[in-house]
Every structure is written in C-alpha cells, then in structure tokens.
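Have a look at the structure below before the remarks.
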Amino acid sequence: MIEIQIIRQSPELVKQKLSVKNFSDLHLVDEILQADEERRAIQKQLDDIRSRENAIAKEIGVLFKEGKKDEAEAKKAETVSLKEESATLTNRFAETEKRQFDLLVQLPNLPCDLVPKGKTAEDNIVAKQVGDIPVLHANAQPHWELGKKYDLFDLELGVKITGAGFPVYKGKGAKLQRALISFFLDRAIEAGYNEVIPPHMVNEASAFGTGQLPDKEGQMYFATADNLYLIPTAEVPVTNIVRDEIFDEKQLPIKMAAYSPCFRREAGSYGKDVRGLNRVHQFDKVEIVQIQHPAKSYETLDSMCAHVESLLQALELPYRILRLCGGDMSFSSALTYDFEVYSTAQQRWLEVSSVSNFETFQTNRMKVRYRDENKKTILCHSLNGSAMALPRIVAGILENHQKEDGIYIPKALQPYTGFDKIV
RNA sequence: AGAGAGGUGUCCGAGUGGUUGAAGGAGCACGCCUGGAAAGCGUGUAUACGUGAAAGCGUAUCGAGGGUUCGAAUCCCUUCCUCUCUGCCA
C-alpha cells in the first residue's frame, strides 16, 4: 500500500510512476485525495465534538462527587445533541476511511527509477547473461522424458493421488529435491540468514500484509472450514513474522531464510507452459527475506541478486538476469530482477528466481517500522527473493547436465546427493 | 471437542463505572553521586490519526468487534487466543 503522505505530497509524480507500471486507473489517485481530504475534515469535527463530550462527562463526574445531583442531571441534557452529532460523524468517518482504504489498496506499488517502461515480458531488459548454452548430444530429451527414463518423478501418479500439477518425486529424484533444499538453506545460512520454518497456512491478515489479498485471492488455495490460505510462497508467513514490530535501527537488517512447499492454483495456465515440471500446483522453494533500512535497501537488493547468482554458478547452469519492465512487474514490487535458467532441450528460458525490493509497500500494510535517532518511527523496506524454486532448477539440471551415459550432478551438490550421476 | 480460568504498557502486576493513557515494581535512557563501578537519588520511557514551523494540543486505543451509560480497562453480547482438567491424536 502506497503511503498516503506520498500521494498527498506529489500526486502528479505518483500518477506518472503508476503509468510506468502500465496502470491506467489514474483517476483513483484523485479519488483517494478527495477521500483523504474529506476524512480529515470529518475527523477535525468529530474530535472536537468528542472533546466537548468528554469535558461534560468529567464535569458530571465532579458534580456527582460533590453531591450536586440536580446540576449533574441538567448537564446530561447538554450531551443529547452532541451524541447525535458524534454518532453521525462517527459513521461518516468510518465510511470515508474505508472508502479511502479500499481505493488505496487498489494501487500497485510505485516502480523505482530503474524500472524500464514496457508492457510485456518482451520489454524486460536482459541485465546479464552468463554461461554457455551446452551443446547436447543427438538423443537429448526434455526433463519430463528424463524423469520417466530414470524414474525420478511421476506426474500421472500425482494425478491419481491429488490431481494435475502435484508431482510425486521418487528415488534419486526425491533425494535430489532434498539435496537442493539443504544446499540452498546452507548457502543462505552462510550468507547470514537466519533459518526459520514457518507455518504453511496463513490467516487473512498475513495474506493481506504481503499483498496477496485482496486482489490475488484466486491464486491461493483456501481452507474454508478454518479460513486459512495455503501459502503460495514462504514470503508470506516469513515476512509477517515482523508484522507490527518496531525495530531499533541497529537491529537492521533482519535476514531470514525459509524452506517451504508452495501452493498455487495457477488458474488459467495451459499448454507447453505447464508441461512436466514447468508449472505445477505444489513445489518446493527456499526463500530469502530481508527487512532493511530504507537508505540501504537497494544495496541489499544487489547483494541478494549476487547470492542467487552464486547459487546458479555453483549448479553450473546457464542463466540470465532480467530487469523487469513496468508492465511485467508484480503488484507489490518497486524493482524486480528475474533469474532464468536456459532449458536446453526445450530451447526456452525458465524463471527460477525473482528478487524484489518492495520498499514500504508491504511494511506499510504490516506496520513494520524502525526507530531513528530522533525516536521517530519510520517504515522499513522489505525485500525477498527465491533462492531458489526447485522444479525448474531440477529441469535445468536434468536437461543441461544430461550426457549419453546419464545425468551429472554438479560438484557443489554432490555432498548433498551422495551420488555424482543419475544412471 | 467438553468443563473451568484468564487476556492490561518492553516485562511483571494493580485496577469491578467518574479528571485512569492507565497505580506500583522491574527493565531501559539520561543526569547527579563515585577514582571507577555497584548501590542510592532525580528525570524520562506506547502507538496511530488529526492539528501545528515547533513545543504542544485534540481524538482513539487495556485481545478484536458490537452494545448499555452523561461517562467503560471496569457491566452486557459476539468472536479470537492462552492456560488447567477431561476426551481424541502424530
């Protein structure tokens, strides 16, 4: 949620930035300002009346104590009209406040100055491309064929048990999953992140805090009996750990890493996008989250990107880094870098990580602040990134490291798998 | 899931209708004292919104939401959570 102060101070700049994100309902900005003005005007009146009510109540209290019952009863009459007025104003205030909130929540985050204009994925900027695309042997196969060939995962079996998009990992495929999770977590811990194991279901307040609600409701699985959402990413429970907290400036940054399964309904996805492990409803991911001082958050974003990059290098995968254009960025983000691994057998890039700075968009919703040297409370910045999402990494490893005689496990991963080759 | 108890500030803890944003204590910060420290003494120590250049002032907040009342932390209703006992269970 954009801070109202920013909209109040520079509505035109806000509109201009929103249009970089391809957001066209700019009239919302004016409506917000109008509601804001109205709200403040009502609050002034309301506070004034309540102040008078309070004063009279106190006087009545004193009169009763002094035993002046008649005077006290007379005073009561004075409050009648005030009570009516304050009741009306209270309603109007609540309405206006809600109207402002409902509008405010519809605005996506403002992109930072580095975000390129653009509408679709085509307009993203390739910031960096590393690693040669391997030349595969003649019988090279896509990962779903390799999964069958080496009995690593079974999608049909998942259909039987649950439904489409719920893979069953088997044998060395299962071990590879576990190895990657441990590897990613250990690397995060080495980089100073504190490991947490969060709940895999969240309440409405948490889903609101990170920006999943209200607009992305349909993307999450919802347990109606208990009003809980299955998490689409560990970002949601992990970032909410600091909800409503006020930190000492010295405590920043807060660095947390978590492994969790992720559940996504992925309504509307189809075709070659969903082949094999390309897009599934349940997958594993290690997520890194930081809560940082506003002045340092972009430095932190760079360091998080460097961390993800080091993982891709350790796994010996060809990758590229994209700086997302305004139109392709998520609702909550101010700047996002996507990491893609080249799927050689499919001849396409697969997104394996997304690292974002949300600035105050999430922390404003969650009220995550720090206290500066003047004891003022100021919103922190929040950042997160996948480090990393497993299925497409698995796809990348299987496809890029396949040889005639089997699939080679990158050296860095061998201590975790306990084998150096899948045959 | 059933029965009972309870949810107050950073923490402990008082408070069952009247100047209570909230006693007291601990902690923390600053100052005095000290050669230095401890002890002691003094001062300060919530958040949000509104208003103001600022100091400040106003309003709201004692799990959450609603109600009674001139007035609610205190009474009533709803709801969430915690603890104890019983049941069930990895």
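Naming convention: chains lettered A, B, ... in sequence-line order (proteins, then strands); numbering from 1 in each chain.
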Problem set entry | Same-atom distance (C1') from B/G24 to B/A14, integer angstrom | 7 Å

For this session: Please state the P separation for the pair B/U47 and B/A38 - nearest whole angstrom.
Result: 27 Å

Problem set entry | Phosphate-side-chain proximity, A/Arg40 and B/C49, N/O vs OP1/OP2 below 4.0 Å | no

For this session: Provide the distance between the two P atoms, one in B/C41 and one in B/A26, to the nearest whole Å.
Result: 9 Å

Problem set entry | Whole-angstrom distance between B/U8 and B/G65, as gauged at atom P | 16 Å

For this session: Look at A/Arg8 and B/G50 and indicate whether a side-chain polar atom (N or O) is within less than 4.0 Å of OP1 or OP2.
Result: yes

Problem set entry | N/O (side chain, A/Thr377) to phosphate O (OP1/OP2, B/A48) under 4.0 Å | yes

Problem set entry | Nearest-angstrom distance, C1' atom, B/A72 to B/A60 | 14 Å

Exercise. Taking atom P of B/A48 as reference, at what distance in whole Å does atom CD of A/Glu245 sit?
Worked result: 14 Å

Problem set entry | Geometric cation-pi criterion A/Lys172 and A/Tyr150, 6.0 Å radius, 45° cone | no

For this session: Taking atom types as modelled, find out whether A/Arg39 and A/Gln100 have a side-chain donor-acceptor pair closer than 3.5 angstrom.
Result: yes

For this session: Using whole Å, report how far CG of A/Asp47 lies from P of B/U59.
Result: 7 Å

Exercise. Would you say A/Glu204 has more than 12 foreign heavy atoms packed within less than 6.0 Å of its CD?
Worked result: no

Problem set entry | A/Glu145 with A/Lys148: basic N within carboxylate O range, under 4.0 Å | no

Exercise. How many Å lie between NZ on A/Lys376 and C1' on B/U47, as a whole number?
Worked result: 14 Å

Exercise. According to a strict under-4.0 Å criterion, is A/Asn54 in side-chain N/O contact with OP1 or OP2 of B/G18?
Worked result: no

Problem set entry | Which nucleotide in B/C49, B/C70, B/U47 has an atom nearest any side-chain atom of A/Ile246 | B/U47

For this session: Give the rounded distance in Å between these two atoms: CD of A/Gln45 and C1' of B/U51.
Result: 14 Å

For this session: In whole angstrom, give the distance that lies between atom CD1 of A/Ile49 and atom C1' of B/C70.
Result: 16 Å

Problem set entry | Rounded C1' spacing from B/A1 to B/G87 in Å | 7 Å

Exercise. Taking atom P in both B/G6 and B/C76, what distance in whole Å separates the two?
Worked result: 12 Å

Exercise. Atom CZ of A/Arg371 and atom P of B/A29: how far apart are they, to the nearest Å?
Worked result: 14 Å

For this session: Measure the distance from CG on A/Asn364 to P on B/U47 and round it to the nearest whole Å.
Result: 17 Å

